[in-house]
Trainee: 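Okay, handing you the structure first.
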Amino acid sequence: MPAPDPANLEKLRKALHLQRDGKIARARAIYEKILKSEPDNAEAANLLGMCFLEQDFPKRALPLFERAVRLVPGEERYRINLIDCQTRFGDDMDPLAITEAALAGVTTPSPALLHRRAVLLRQAGRFSEALAAYDAAIRANPEDATLLVEFGQTLILAGKHEEALRVLDFVLAADPGHRLALLSRADALNQMYRSQEARDLLLAGSAAFEVDRDAEYHLSLANSHWGSGEHSLALAGADRALALGLAGPDSHLVRGKALYHLGRFAEAIEALEKVLALDPERHEAAMTLGFACLANGDLARGWALAERRMEAGTKGLITRKFSRPKWQGEPLDGKTLMIWDDQGIGDVLRSASMFRELAERVGQLIVECHPKLIPLLARNFPQIEVRPRQHEAAVTLFAAEAFDYQCSFGTLPMHLRPDIASFPRQRAFLSPDPVRVAELRMRPPLGSDRPKVGLSWTSGNRTGLRAGSYLTLADLLPLLAIDAVDFVLLDYTDRSAEIAELQETANFTLHSWDDLDLFDDLETVAALASCMDLVISANTSVADMAGALGVPTWRFGPVTGTILLGEENPPWSPATRYLRLEPEKPAREIVPHLAGDLRQWLDAGR
């Protein structure tokens with residue numbers, strides 16, 4: 001390549017000053033004149049490409065960067081600019097291939113090129129490779145805090161939250177006011193269900209942000225408020241982020257989730273529809289929109305959208321792979337259908353309300369569920385094959401699929417309960433083992449004429465937002481003070497320590513038996529629940545069991561109770577009355593209402 005013309009060098013310097021001052025059009029004209037007289041001037045081609053890129057004309061910039069790379073293959077700046085340009089076209093693989101080629105062509109790659117490779121791998125969703133690429137980039141430039149923060153963000157995307165916290169803490173130890181590190185650490189904490197820590201971090205570190213104008217700060221704080229159960233504050237934070245111009249799907253998503261948990265379902269639907277208009281693949285938004293539609297009584301749309309829970313990666317959701325097709329509601333005369341549990345015990349108990357109806361529509365029905373459900377379900381549905389769920393067994397994928405179609409329990413209502421009119425008015429759809437009931441009634445006070453009330457106030461799963469829907473035994477003391485009732489423990493978790501501790505300071509009686517297994521022996525749970533005149537329960541499988549047996553049940557839970565389907569009480573179990581907890585208020589505020597209602601129930605002769 002011939003030496004550049006000295007006159008063109010002077011023009012190049014002048015154009016570069018103009019470009020840096022933002023006078024792009026004037027700089028462009030000079031670069032174009034240089035290239036007319038000197039077509040092989042790689043620097044002029046590169047800088048002209050930068051002008052077009054800054055003016056958002058990537059198609060005009062692309063051939064100029066390609067020319068610069070062709071003229072000087074070893075200049076990494078040109079390759080990086082070419083990668084940037086390729087990225088504007090929305091194709092991550094082409095820039096990545098160019099980056100890999102550039103790395104292969106140099107002995108000691110620059111930190112910038114290594115960084116670019118890591119960014120592109122992360123954007124492509126190849127997180128394991130991206131982490132290795134960030135490690136290489138950090139080794140080449142260990143003082144770059146931005147690299148370390150991006151490394152932490154990639155660890156979060158890869159689900160390695162604890163490692164991410166260690167990296168981000170290292171950055172914050174050197175610079176406590178590092179804005180991006182604070183936001184990323186809050187993001188990790190939110191995903192770890194430690195939202196109160198995330199909220200406290202952001203509030204304590206507010207000096208690192210221009211709070212009056214930083215939309216990302218308000219969005220991150222809104223997410224932390226939402227995860228802490230402070231939905232009104234989350235709504236206000238999302239609105240603030242939107243007002244400051246952050247109008248992407250994330251702002252509308254947290255807004256929609258906050259409205260949903262406040263019980264403002266119509267507004268939630270509107271906000272979540274905006275998310276999907278901006279990002280149709282946002283599965284969490286589609287799932288939450290489905291729940292909001294169900295809560296608003298739109299069952300057909302709600303069930304269909306709630307199917308996106310599979311892609312949303314809902315915590316606790318069981319997923320399986322099959323070679324057999326998924327049942328889509330088509331006729332199944334003479335066919336074998338296998339249905340399987342994808343959620344918890346309570347979900348299976350509610351689904352059992354559809355088993356007889358479904359068995360009449362198929363040649364053979366197979367139910368796969370948790371092993372502890374098998375005795376109860378097999379006795380109640382002798383016409384159905386009930387067996388342990390296979391994903392817990394040591395079987396090969398796709399092995400022994402002796403059925404024609406399969407469907408998860410969570411999907412069944414979409415086909416069998418498309419509207420409220422499709423729910424049968426059956427008070428009970430399960431019955432207890434009469435022998436066990438008779439045996440239990442031999443135990444005082446279960447055989448007496450005094451009213452017996454079963455209690456369950458908490459859950460084995462109190463993570464995230466669920467924790468705010470449960471009580472402690474101490475909260476129930478006003479209820480336990482009603483001496484005209486024999487209270488019986490129905491909670492399936494071990495409450496012995498809590499009971500013993502409270503009995504040291506309070507006088508109450510709560511009947512329980514150490515030899516009864518209320519966690520694994522569901523036949524005993526069903527028999528004990530059927531001995532009750534009334535069950536008072538939190539939103540747990542205890543309430544589902546009582547409702548399935550037709551035992552009068554008072555169930556308390558959040559306004560978002562997905563079993564309500566727009567009704568005052570759950571259509572799944574007509575014997576159940578649902579008491580809504582006030583959003584953002586302590587669950588214990590329901591106790592005076594329970595005590596008052598129980599006294600009225602007693603006065604009315606039960």
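What you see below is based on every heavy atom in this structure, not just the backbone, and it leaves out hydrogens, waters and symmetry mates. Since this is a predicted model, take the numbers as computed values, not measurements.
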Trainee: Backbone N or O of Ala247 within a donor-acceptor pair of the Ser251 side chain at under 3.5 Å?
Mentor: no

Trainee: Check this for me, if you would: do Asp404 and Arg324 make a salt bridge, where the nitrogen-to-carboxylate-oxygen distance has to be below 4.0 angstrom?
Mentor: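 No, no charged N to carboxylate O under 4.0 Å.
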
Trainee: Using the six-membered ring wherever Trp is involved, compare the ring planes of Phe403 and Phe322 and label them parallel, tilted or perpendicular (cut-offs 30° and 60°).
Mentor: perpendicular

Trainee: Is the NZ or CZ atom of Lys160 both under 6.0 Å from the centre of the six-membered ring of Phe127 and within 45° of that ring's axis?
Mentor: no

Trainee: Is the backbone N or O of Gln328 less than 3.5 Å from a side-chain atom of Glu330, with the two atoms forming a donor-acceptor pair by type?
Mentor: yes

Trainee: Any Lys/Arg nitrogen of Glu273 or Arg301 sitting under 4.0 Å from an Asp/Glu carboxylate oxygen of the other?
Mentor: yes

Trainee: His261 and Trp226: aromatic ring centres closer than 6.0 Å?
Mentor: yes

Trainee: Please report, to 0.1 Å, the donor-acceptor pairs under 3.5 Å made by any side chain of residues 559-574, with sequence neighbours excluded.
Mentor:
unit_1, atom_1, unit_2, atom_2, d
Asn569, OD1, Tyr578, N, 2.7
Ser573, OG, Thr576, OG1, 3.1

Trainee: Should Arg255 and Glu270 count as an ion pair when the cut-off is N to O under 4.0 Å?
Mentor: no

Trainee: Are the charged groups of Glu284 and Arg308 less than 4.0 angstrom apart, N to O?
Mentor: no

Trainee: Output, in order, the C-alpha distance, side-chain angles, deciding distance and verdict of salt bridge (Lys or Arg N to Asp or Glu O under 4.0 Å) for Asp544 and Arg555.
Mentor: CA-CA 9 Å; Asp544 289 303; Arg555 180 174 188 155; 2.9 Å; yes

Trainee: Both conditions, 6.0 Å and 45 degrees, for the charged tip of Arg389 above the ring of Trp340: are they met here?
Mentor: no

Trainee: For the pair Asp250 and Arg282, find out whether any cationic side-chain nitrogen is under 4.0 Å from an anionic carboxylate oxygen.
Mentor: yes

Trainee: Using the ring of Phe423 (Phe, Tyr or Trp, six-membered ring only), decide whether Arg417 places NZ or CZ under 6.0 Å from its centre and within 45 degrees of its axis.
Mentor: yes

Trainee: I'd like to know if the side chain of Thr553 and the backbone of Val551 have a donor-acceptor N/O pair within less than 3.5 Å.
Mentor: yes

Trainee: Just checking, is any N or O donor in the side chain of Gln426 or Ser353 under 3.5 Å from an acceptor N or O on the other one?
Mentor: no

Trainee: Would Gln383 and Arg356 count as having a side-chain donor-acceptor pair, cut-off 3.5 Å?
Mentor: no

Trainee: Looking at Asp342 and Ile318, would you say the former's side chain and the latter's main chain have a donor-acceptor pair under 3.5 Å?
Mentor: no

